[in-house]
Amino acid sequence: MSKQKPGIPKGMRDFGPKEMARRNYIFNTIQATFKLFGYQQLETPTMENLSTLTGKYGDEGDQLLFKVLNSGAFLKKVDTETFKAGENKVLPKISEKGLRYDLTVPFARYVVMNQNEITYPFKRFQMQPVWRADRPQKGRYREFYQCDADVVGTDSLICETEILCMIKRVFSDFKLTDYDIKINNRKILTGIAEVIGASGKEADLCVAIDKLDKIGWEKVKVELIERDFSEDAIDKLSPILSQNEHNNAGWLLFLKKYLAESEIGLKGISELEEVFSYLAKMGENQNHVVFDPVLARGLSYYTGAIFEVKVNGVGIGSVSGGGRYDDLTGVFGLNGVSGVGFSFGVDRLYDVLEELDIFPDDEVERTQIMLAYFGEEEKEACLGILATLRKAGIAAEIYPDLVKIKKQFNYAGKKGIPYVGVLGSDELENNTISLKNMISGEQESLSLEDIVEKIKQAYKTA
RNA sequence: GUGAUUGUAGCUCAGCUGGUUAGAGCGCUGGUUUGUGGAUCCAGAGGUCGCCGGUUCGAAACCGGUCUUUCACCCCA
């Protein structure tokens, strides 16, 4: 048997103890806020039927789906003729399952399957990995976690407002101060497209305009022409782009005039105004909330509010996004269920907190005391002590092998364990334990009861 | 999907225009101390030079392919 070098597939990552402590901090922080706002947890399977997934994310999205080969003789259904017809013909015959691409579509599937058991409005959160066969690069992985919170079965704009509140709360928990929650409304985009005489082309419009900061107005113009926008339309668009408004209220005032001819556009504005008014009533200001009339998001199913959160000063894309979709469950045969939701990208949040170096100290998950000993007899005595410590709620461990005391200390030092209790013949005789503080280096002889007290005390003050 | 880029010891990297036994620092193991870790000193172990093939008397180095890393574009969390 030849030795093989271990490795993991492209775009996949391991998370060691340190990463996990930090990731759990992120998960716990987000989860606490979700629960505080009345969301309940849901999990769905890793694999979905390919028929559930395909066609929901556009052609590009379909390309990025990980497909799972059928079990058994998967080639059985493929004859020479279909094989020659190419992968589009072969694929459905050899693969009927795929890895989930996001959490929203599986959620929609769940809602439809359980429509009669669910109490509406249904507020659920979900924190699970998703997979995309993308080319990995900065802030982009093939396996990454999303933390979604969605409400279905209500049109109330209170939900949108609460999303703003949740984002603000989570970010404040993370001690993030410089970030923007960009908000827009799909209806405003539709209105703009209407007003410039390019109805139905808001998606193209946004892809082009989104690059304004990056490539400049002239190049955006070129792209707009390439995307089949008329000169006239581009002229009509320019007032928005030259608008120098940085204030939400000012923007809305401007757009009310600009979109005066578009009923749907005005609807979008009034929805936004309603969200802002709720926000005020919930005692929140509009800090970090930035209205961006050209914000659009890839997923075409959004019909109302659109959110995207970007942390400033770091080279990482958006860390959170979402919006309202009026008919997500429609494709699964359940019409008239409106929903709104958003998602935190855990892996990108991790990168952001890392880059800004604002992770809290992760001492909490450490073992508090380790027992070291000199011989067989002492080792057995340690086992009882160990049980007592754990019963008292102290994270304790014993070095499992009888080795030199130096090695036992070394282990404790490496692992950052703050206390080591030493048992030797003297201690055994006097019924004491020598407790060494690994940080100060001090050592004292104590009874087991004293040690329990001391460690509990040390952690209470910490 | 397009265009670049990376791969040498556990880690971070040297290795000149192809030339004998591939190096350093850190880490690791052991000793200095058969009852005390993080310091010093001493010793030692660890590498099919990503993988496959080609050119050559000779390849870690050159060429082709492939996988992987990182990055930009596309798109997206």
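Convention: sequence-line order gives letters A, B, ...; per-chain numbering from 1. Quick note: numbers below take in every heavy atom, side chains included, and nothing from hydrogens, waters or symmetry partners.
- Closest approach to the A:Arg140 side chain among B:A72, B:G35, B:C74 is made by B:C74 (side chain taken as heavy atoms from C-beta onward).
- Side-chain proximity of A:Lys10 to the nucleotides B:U68, B:C74, B:G35 is greatest for B:U68.
- Taking only distance into account, the side chain of A:Gln443 meets the base of B:U36 through a donor-acceptor pair shorter than 3.5 Å.
- With a cut-off of 3.5 Å on both pairing distances, the Watson-Crick or G-U wobble partner of B:G10 is B:C26.
- With B:C73, B:G35, B:G37 as the candidates, the nucleotide lying closest to the side chain of A:Ser434 is B:G35.
- Comparing B:C76, B:G30, B:U36 against the side chain of A:Arg348 picks out B:C76 as the nearest.
- Nucleotides B:A24 and B:G65 have their C1' atoms positioned 34 Å apart, rounded to a whole Å.
- Remark: A:Lys310 is not in phosphate contact with B:A77, judged by side-chain N or O atoms under 4.0 Å from OP1 or OP2.
- B:U70 and B:U5: their C1' atoms are spaced 7 Å apart (whole Å).
- Separation of the P atoms belonging to B:C62 and B:G25 is 27 Å when rounded to the nearest angstrom.
- For the C1' atoms, the distance linking B:G64 with B:C73 amounts to 27 Å, nearest Å.
- For A:Phe374 and B:G35, the ring-to-base geometry does not satisfy the stacking test (centroid distance below 5.5 Å, interplanar angle below 30°).
- Regarding A:Asp134, its CG atom lies at a distance of 14 Å from the C1' atom of B:A72, rounded to whole Å.
- A cation-pi arrangement is present between A:Arg23 and A:Phe15 under the rule of less than 6.0 angstrom and at most 45 degrees off the ring axis.
- Nucleic acid contact for A:Gly139: base, since at least one base atom lies under 4.0 Å from a heavy atom of the residue.
- The P atoms of B:C63 and B:A45 are separated by 36 Å, rounded to the nearest whole Å.
- When the C1' atom is compared between B:G50 and B:U69, the two are found 11 Å apart, to the nearest whole Å.
- B:U20 and B:A59 have their P atoms separated by 11 Å, with the value rounded to a whole Å.
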